[in-house]
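Below is one structure, written out as structure tokens, with a few remarks after it.
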Amino acid sequence: MTSNWARAALARLDARDEAALVTVLATEGSAPREAGTKMVVWRAGQAGTIGGGNLEYRVADQARRMLDGGQAHFAIQDYPLGPLLAQCCGGRVRLFLERLNDNSRDWLTDAAKRMDAAQPFEVRTRFEPGLLTKTIAPILSTEADGPLVSLAGAPATARGARPELGDVLVERADAPRPPLLLFGAGHVGQAIARAFEPLPFRLSWYDSRPETAEIGGVTVLEPAELAAKAMGAGADAYGLVLTHDHALDYALVSAGLAGGGFSYFGVIGSKTKRARFMKRLRDDGFSEAVLTRLTCPIGLPHLKSKAPEVIAVSVAADLLMRQEAARIRNDEMSSASV
């Protein structure tokens, strides 16, 4: 479901109404919805959809019988769509049904807040004797993309092994995370990387110096390769340039502006550095319209500290505010077009 399924579940609990959460764990072949899709079911209704049709009717009925039975806390159910349900999809789905009650409030509230804030997170379910242990964990900006649903460390499948005691089921609720290209792994770069680790960005961190390869998360590339990364950035990317070398800074700024990407592109420096870069960029043929896309100095203008940790917090706050402003603009445009 595209809405906040955790809020929908909490609303049922607030109404003193037990509910069940249905999750598509895995699909095979043609299926109506993808892995990770969720639906909340209670005795008198439901929120969300796992694709409609006979599958949804059967599953909603099974969830309500689970609520009425009072014994089972969860079920793993396989549905071959063609032979069993006479749906033309012809594929196969594996579903996870679980009862929700007042004991579910803590993790549901955590999930709901993260969805409200568009923060990516994981729902982790550990299968214990007679119960499920649920926790919520953030998806860090340095983490690579993973399967939407995994079981015991491997992608969940529609025919594979079912959960055993001690197994952990991990579901990624990976909200859109714009790419953040960070060029430079000095003291400021390291502080910025630490500050952005829990934030809703997808961090790619680069440096040209071989010794920085020992720093976790840093990819070492030649200067020309770094310039190619800057030039090839997408329009949704954020970029920060703060290398050890002003000449390399300029090369990356020039490449990034020439590439036409980046929704935000900033380079660390003083007003003097900005003036020198702007003059050189004009001399190199960049138009005033293009130059308006470059931010220098970076961070919030009222925070003047040169301490790396303060610069990092300042930059993080600035980019989060820009990201939120962009989200609001997109929401307003979507509303206006309806």
When you measure from the side chain of [X] to the backbone N and O of [Y], does any donor-acceptor pair fall under 3.5 Å?
X	Y	answer
Arg172	Glu122	no
Asp207	Ala185	yes
Thr23	Leu25	no
Arg114	Phe121	no
Ser254	Ala251	no
Arg280	Ala275	no
Glu225	Glu222	yes
Trp205	Gly216	no
Ser104	Asn101	yes

Do [X] and [Y] sit in one hydrophobic cluster, given that two such residues count as connected whenever their side-chain heavy atoms are within less than 4.5 Å of each other, even indirectly?
X	Y	result
Leu169	Ile139	no
Leu242	Leu319	yes
Val188	Tyr264	yes
Phe96	Leu55	no
Leu13	Trp5	yes

- Sequence-distant partners of Tyr57, ring-ring contact (aromatic ring centres under 6.0 Å, His included), two or more places apart: none
- salt bridge (charged side-chain N to carboxylate O under 4.0 Å, His left out) with Asp61: which of Arg65, Arg58, Arg64? Arg65
Would you name the heavy atoms of [X] and [Y] that are closest together and state the gap between them?
X	Y	answer
Arg124	Ala137	CZ-CB, 3.6 Å
His244	Ser208	CE1-OG, 3.4 Å
Thr157	Ala26	C-CB, 3.3 Å
Val310	Ser305	CG1-CB, 3.6 Å
Ala6	Met115	CB-CE, 3.5 Å
Ala8	Val40	CB-CG2, 4.4 Å

When you compare the side chain of [Y] with that of [X], does any pair of heavy atoms fall below 4.5 Å?
X	Y	answer
Glu197	Leu199	no
Arg94	Ile76	yes
Ser270	Pro297	no
Leu203	Tyr238	no
Arg322	Asp318	yes
Gln77	Gln62	yes
Arg7	Leu108	no

Rounded at 0.5 Å granularity, tell me how far [atom1] in [X] sits from [atom2] in [Y].
X	Y	atom1	atom2	result
Leu151	Thr125	CG	OG1	10.0 Å
Gln323	Ser263	CD	OG	9.0 Å
Ser287	Arg293	OG	CZ	9.0 Å
Arg33	Leu95	CZ	CG	12.0 Å
Ile192	Ile298	CD1	CD1	5.0 Å

- Phe196 pairs by side chain to side chain contact (heavy atoms under 4.5 Å, CB included) with which of Leu140, Val315, Leu182? Val315
- Passing option when Lys38 is tested against Leu21, Ile50, Thr49 for side chain to side chain contact (heavy atoms under 4.5 Å, CB included): Leu21
Under a 4.0 Å N-O cut-off, is there an ion pair linking [X] with [Y]?
X	Y	value
Asp249	Lys273	yes
Arg105	Asp14	yes
Arg162	Asp167	no
Lys134	Asp110	no
Glu18	Arg12	no

- Message: Quick one, Met66 with Leu97, criterion side chain to side chain contact (heavy atoms under 4.5 Å, CB included). Give me CA distance, side-chain angles, the key distance, then yes/no.
- Response: CA-CA 9 Å; Met66 175 185 288; Leu97 293 81; 3.9 Å; yes
Just checking [X]: does its [atom1] atom have more than 12 heavy atoms from other residues, nucleotides or ligands closer to it than 6.0 angstrom?
X	atom1	answer
Asp106	CG	no
Lys113	NZ	no
Arg43	CZ	yes
Glu211	CD	yes

- Dump the intermediate steps for side chain to side chain contact (heavy atoms under 4.5 Å, CB included) on Glu56 and Gln46, then the final yes or no. CA-CA 10 Å; Glu56 186 165 301; Gln46 68 183 63; 2.8 Å; yes
- Message: Before you tell me yes or no, could you show the steps for Thr212 and Glu214 under side chain to side chain contact (heavy atoms under 4.5 Å, CB included), namely the whole-Å CA-CA distance, both residues' side-chain angles and the distance that decides it to 0.1 Å?
- Response: CA-CA 5 Å; Thr212 60; Glu214 300 177 0; over 6 Å; no
- Task: Take Glu288 and Arg282 through the test salt bridge (Lys or Arg N to Asp or Glu O under 4.0 Å) and record every step on the way to the result.
- Result: CA-CA 8 Å; Glu288 294 300 320; Arg282 291 186 184 97; 2.6 Å; yes
- Is Val241 isolated, or which residues cluster with it under the ILVMFWY side-chain rule of less than 4.5 Å, directly or via members? Leu181, Phe183, Tyr206, Leu221, Leu226, Leu248, Tyr250, Leu252, Val253, Leu257, Phe262, Phe265, Val267, Phe277, Met278, Leu281, Phe286, Val290, Leu291, Leu294
- Working for salt bridge (Lys or Arg N to Asp or Glu O under 4.0 Å), residues Asp78 and Arg159: CA-CA 8 Å; Asp78 293 340; Arg159 295 179 186 268; over 6 Å; no
- Would you check, one step at a time, whether the test side chain to side chain contact (heavy atoms under 4.5 Å, CB included) holds for Leu81 with Arg92? CA-CA 5 Å; Leu81 300 179; Arg92 184 183 183 90; 5.9 Å; no
- What orientation do Phe127 and Phe74 show, parallel under 30°, tilted 30 to 60°, or perpendicular over 60°? perpendicular
